[in-house]
There are 2 protein chains.
Amino acid sequence: MGFEFAPRTLSLLSHAETICAGRGVRLTDLRRQVLGLIVQSEAPTGAYELLDRLRATRHNAAPPTIYRTLDFLLENGLVHRLERLAAFVPCIAHDHPREQAHEPGCENPGHAAQFLICRRCKRVVEIADPALADALAEAAGRAGFTLGQTTIEAEGICAACDAAGK
Amino acid sequence: MGFEFAPRTLSLLSHAETICAGRGVRLTDLRRQVLGLIVQSEAPTGAYELLDRLRATRHNAAPPTIYRTLDFLLENGLVHRLERLAAFVPCIAHDHPREQAHEPGCENPGHAAQFLICRRCKRVVEIADPALADALAEAAGRAGFTLGQTTIEAEGICAACDAAGK
DNA sequence: GCCGCGTTGTTCCAATGTAGCATCCATGAC
DNA sequence: GTCATGGATGCTACATTGGAACAACGCGGC
């Protein structure tokens with residue numbers, strides 16, 4: 001390896017290392033580097049922007065390079081994809097290292113998360129509100145629906161921008 | 001006009017006519033026809049599939065034709081876009097013709113809705129659960145976030161498929 | 001060594017969405 | 001009726017996002 005990362009990035013990367021080791025999958029240089037790029041970003045980042053940044057050090061990266069790597073990171077719950085933006089953010093739920101119970105046959109390895117996307121500064125807040133997840137589960141249940149993966153995203157104005165910008 | 005539509009389609013279309021009249025916008029032949037195509041579909045429909053179907057009667061339709069029309073239908077709350085599928089479904093909330101309170105400056109003319117997407121039959125159930133919307137509003141409020149448009153979509157297995165397919 | 005399989009490289013292509021400008025047409029003023 | 005206006009549509013080209021298929025590499029165990 002040998003890439004220059006900030007402390008917070010290194011912390012999340014070492015956590016990712018632990019996750020991957022526990023799952024028996026390999027966090028290769030490429031995957032670590034892409035995860036680093038995502039963690040370093042202030043705002044959600046598109047696949048092709050990640051590809052451009054990746055090419056600074058990996059000259060021959062192509063679209064499949066970045067998409068396969070993103071698939072890996074998504075499958076292992078290390079990043080999230082924001083559907084409204086077609087962009088990616090790191091999963092920060094590991095900051096609270098309470099592990100997920102992992103029943104077999106569950107095709108959703110990541111935790112359920114919700115996102116607040118500021119339309120002004122473009123930053124994203126990841127929340128993990130059990131009441132919200134429960135409300136969706138209950139509504140689905142009333143409709144006789146067996147729940148798989150869920151997408152909860154809201155666009156709006158974050159507290160900082162609300163205070164700053166009039 | 002003069003297109004052949006089923007009764008349910010005609011009902012939603014006439015309702016759309018009312019909505020547009022109330023808002024002072026024009027439900028043209030093109031817009032009515034595209035809305036009809038969406039309402040007739042059993043499952044969410046992509047923009048390019050709608051374009052193909054539209055070309056059966058409107059030979060010179062091009063991508064901007066369908067996207068501009070979809071923008072109109074979205075802005076006026078007549079259809080929804082499913083982010084996970086990049087596909088469109090009719091808005092059926094008008095079946096309960098309780099009108100939305102419409103404060104000025106609100107950039108979200110449509111109602112907040114939630115969607116359950118069956119991965120087996122590809123059909124979609126639109127729900128409008130106030131408890132769910134409230135839970136999201138409350139979680140956003142706790143984060144100091146001013147809420148705009150929201151996206152709540154879940155993938156899973158619908159009741160019919162769960163009963164039928166073992 | 002060398003085999004096997006996961007990972008990566010490489011090319012091409014599919015699907016989705018938009019910019020910009022020309023043209024048409026319904027509507028209202030006169 | 002005529003004309004001006006602004007919204008709606010036609011049309012070309014392009015941008016963005018994502019994936020299929022196959023070759024080549026490389027680390028593991030044997």
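Just so it is clear: chains get the letters A, B, ... in the order the sequence lines come, proteins before strands, and each one is counted from 1.
Salt bridge annotation for B:R120-B:D162: absent, with no cationic side-chain nitrogen under 4.0 angstrom from a carboxylate oxygen. Classification of A:K122 and A:E42 as a salt-bridged pair fails, no side-chain N sitting under 4.0 Å from a carboxylate O. The pair B:D71-B:R68 fails the salt-bridge criterion, with no side-chain N (NZ, NE, NH1 or NH2) lying under 4.0 Å from an Asp/Glu carboxylate O.
Nucleotides of DNA chain C nearest to B:A86 and A:N60 differ in position, and the one nearer the 5' end is that of A:N60. A residue-by-residue look at A:T28 and A:P64 shows that A:T28 has its nearest nucleotide of DNA chain C further toward the 5' end. Remark on DNA chain D: of its neighbouring residues A:D71 and B:T65, the 5'-side contact belongs to B:T65, judged by nearest-heavy-atom nucleotide.
What separates NE2 of A:H59 from P of C:dG9 is a distance of 12 Å, to the nearest Å. The separation between A:L54 atom CG and C:dT10 atom C1' is 15 Å, rounded to whole Å. For the pair A:R23 CZ and C:dG6 P, the interatomic distance rounds to 16 Å; values are reported in whole Å. As rounded to whole Å, 6 Å separates atom P of C:dG9 from atom CG of A:L30. At whole-Å resolution of the value, CD in A:Q33 and C1' in C:dT8 are 13 Å apart. Going from atom CZ of B:R81 over to atom C1' of C:dA15 covers 12 Å, rounded to whole Å. Spacing between atom CG of B:L70 and atom P of C:dT18 amounts to 10 Å, rounded to whole angstrom units. Atom CG of B:L51 and atom P of C:dT18 are 14 Å apart (whole Å).
Phosphate proximity of C:dG17 to B:R68: absent, as no side-chain N or O sits under 4.0 Å from OP1 or OP2. Under 4.0 angstrom from either OP1 or OP2 of C:dG17 there lies at least one side-chain N or O belonging to B:Y67.
Closest contact between the side chain of B:Y48 and the listed nucleotides C:dT18, C:dT10, C:dT16 involves C:dT16. Of the candidates C:dT10, D:dG18, D:dC11, D:dG18 carries the atom nearest the A:A47 side chain, counting heavy atoms from C-beta on. Checking D:dC27, D:dG10, D:dA8 against every side-chain atom of B:R26, the shortest atom distance belongs to D:dA8.
A centroid separation of less than 6.0 Å is found between the aromatic rings of A:H80 and A:F115.
Applying the side-chain hydrogen bond (donor to acceptor under 3.5 Å, both in side chains) test between B:T151 and each of A:E155, A:R84, A:E153 identifies A:R84 as the sole match.
Nucleic acid contact for B:R31: sugar-phosphate only, since backbone atoms but no base atoms lie under 4.0 Å from a heavy atom of the residue.
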